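A short worksheet on the structure shown next.
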Amino acid sequence: MYYEKKYSLRKPERKKFTLSNFVGYDENKKSRTLPCDYVDCVFNYGFKNNKLVNSYGVSKFKKGGYEFPPLPEVKGRHGVFCTTMIVDDLPRFTALISYAGEVAFCVQGDKEWRTMKTNKSMAHTQGTIYYVNNEPCLFLAGDDGVEWFANNIFYVAMGEPVLDLCVHYERLFLVVKGIHNSVWFSQAGNPMVWEHEIDKGGYINFDGTVGEVNVIRSFNNYLYVFCDYGIYRLTAYGDQTQFNLKKIYTSSGRIYAKSVTVCGEYIAFAGDEGIFLFDGYDLSRYTTKVNHLLSEGYDDIYACYSRNKYIISFTNEKATDYGLYNEKRANNMLLIFDIFDKSVNVMRGVSLKYLCAVNEKTCCKVVAISDDCDTFVELDDSGLYLGEPMLKYWESGEIDFGRPADVKLLKSVEYSAKNEYYLGIICNGERQEFLLSPNEKKKSLYIKAKEFKFYIRSDNPVDEILPPTLVVDFLK
């Protein structure tokens with residue numbers, strides 16, 4: 001007797017996975033399973049209440065309804081300095097653009113820029129405010145000395161390039177690049193007197209064991225000297241015979257000099273080993289989340305601090321594999337670190353340099369110069385770049401759902417959207433995109449592979465993306 005052979009097909013195991021709860025950016029918390037709450041590739045999105053939302057934006061700088069006139073055209077190496085000075089008993093935002101032979105300056109309320117001649121050999125790189133006879137003066141560091149700007153320009157010849165300067169206990173301190181690798185200081189109360197005498201000025205030489213001296217910062221009653229690979233603490237108040245120098249930190253990685261910024265109760269800086277917070281005694285690694293982004297861009301760093309945020313702009317020309325933000329330009333990335341909750345926002349495809357914080361009781365803004373605008377710009381929360389929507393991108397790591405040997409079939413995605421956006425899937429060497437429309441709640445996928453990368457991109461003026469759910473079949 002013949003019996004027909006019967007076959008039984010087992011149904012695949014089916015599961016649903018939340019793609020991500022959209023918690024934040026952290027390269028150390030990437031997961032190969034879902035939900036992928038932390039990622040190391042996200043640009044121009046922010047995270048809020050488990051949603052992808054607009055991040056920061058950029059607009060023309062306005063203060064009290066006043067908009068600065070177009071920036072003057074400047075050729076060659078120059079410096080930009082923004083500060084708040086008291087003019088007619090009122091705080092006025094003041095901006096200077098200095099270059100060899102001239103300073104262009106504009107005080108809040110001016111209709112045009114004014115110019116003043118300077119020493120022709122000076123190309124200024126840094127500046128600081130020093131009160132002379134109770135009047136604020138801006139001291140500018142240059143190629144062979146210091147100039148200070150009040151109603152006129154005054155010149156102090158040093159014979160060496162001045163890399164950095166700051167005011168500490170009524171003395172002006174300078175980092176002077178040269179054979180001696182020194183920190184110089186003026187007479188107390190008189191920044192025009194630099195003679196090396198016990199009751200006047202002087203200098204301190206460093207032995208170079210932690211590299212060259214680059215930056216000085218006055219902080220918590222001490223002067224901190226930042227070198228390539230270490231930090232010194234200088235006790236420098238009262239008579240100079242009481243000055244005391246102590247090495248307090250040695251680093252195995254380079255400290256990025258232009259990133260060193262006083263941030264309230266800390267000094268923050270970036271380096272080869274991450275972002276650090278320093279309270280004057282102890283050093284803690286704030287994050288290593290962005291090491292791969294900073295690794296090639298520290299020469300172009302600008303940094304500032306405002307409203308509990310440590311903000312760095314730099315250039316990163318690394319090509320991306322998703323076709324966005326590849327235009328080469330100076331300072332095309334901005335990192336915004338919240339000192340307290342440790343969150344990170346990453347902006348890419350912008351142009352922001354010469355960062356300056358305007359921190360007043362009634363106005364806290366971050367001001368910068370952009371290659372895309374003819375006047376000063378400011379950081380805001382609009383999610384727009386000079387009035388235009390920004391390209392936004394979020395990408396997971398490699399996802400195998402914790403079962404690397406199994407073949408998976410992505411059946412569909414379930415979602416809720418206020419605006420349309422693209423869900424992208426990378427696998428088997430190919431990339432596929434699906435437009436998720438607010439008019440639908442489900443999209444068929446039918447993609448088979450062992451592991452996947454997922455990404456989300458959009459360019460809406462306003463975004464609010466909820467976590468989508470993936471329906472997955474596991475095939476034996």
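Remember, predicted model here, so these are calculated numbers, not experimental data.
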With sequence neighbours excluded, residues passing ring-ring contact (aromatic ring centres under 6.0 Å, His included) with Tyr354: His78, Tyr302

Ser370 side chain to Tyr385 side chain, donor-acceptor N/O pair below 3.5 angstrom: yes

CZ/Phe47: more than 12 non-hydrogen atoms of other groups inside 6.0 Å: yes

Ring centres under 6.0 angstrom apart (Phe22, Trp394): yes

Atom CD of Glu112: over 12 foreign heavy atoms under 6.0 Å: no

Aromatic centroids of Phe276 and Phe269 separated by under 6.0 Å: yes

Check: Phe185 ring centre within less than 6.0 Å of Phe243 ring centre: yes

Check: Phe68 ring centroid to Tyr66 ring centroid under 6.0 Å: yes

Whether over 12 other heavy atoms sit under 6.0 Å from Glu265 CD: no

Quiz item: cation-pi between Arg233 and Tyr222, 6.0 Å / 45°: yes

Centroid-centroid under 6.0 Å between Tyr455 and Tyr393 rings: yes

Ring center gap for Phe61 and Phe93 short of 6.0 angstrom: yes

Glu170, CD: over 12 other non-hydrogen atoms inside 6.0 angstrom: no

SB check Lys453 Glu395 (cutoff 4.0 Å): yes

Approximate separation, where rounding is to 0.5 Å, of Asn331 CG and Phe314 CZ: 9.5 Å

Side chains of Asn332 and Thr315, donor plus acceptor under 3.5 Å: no

Value rounded to 0.5 Å, distance of CG in Leu277 from CZ in Arg285: 11.5 Å

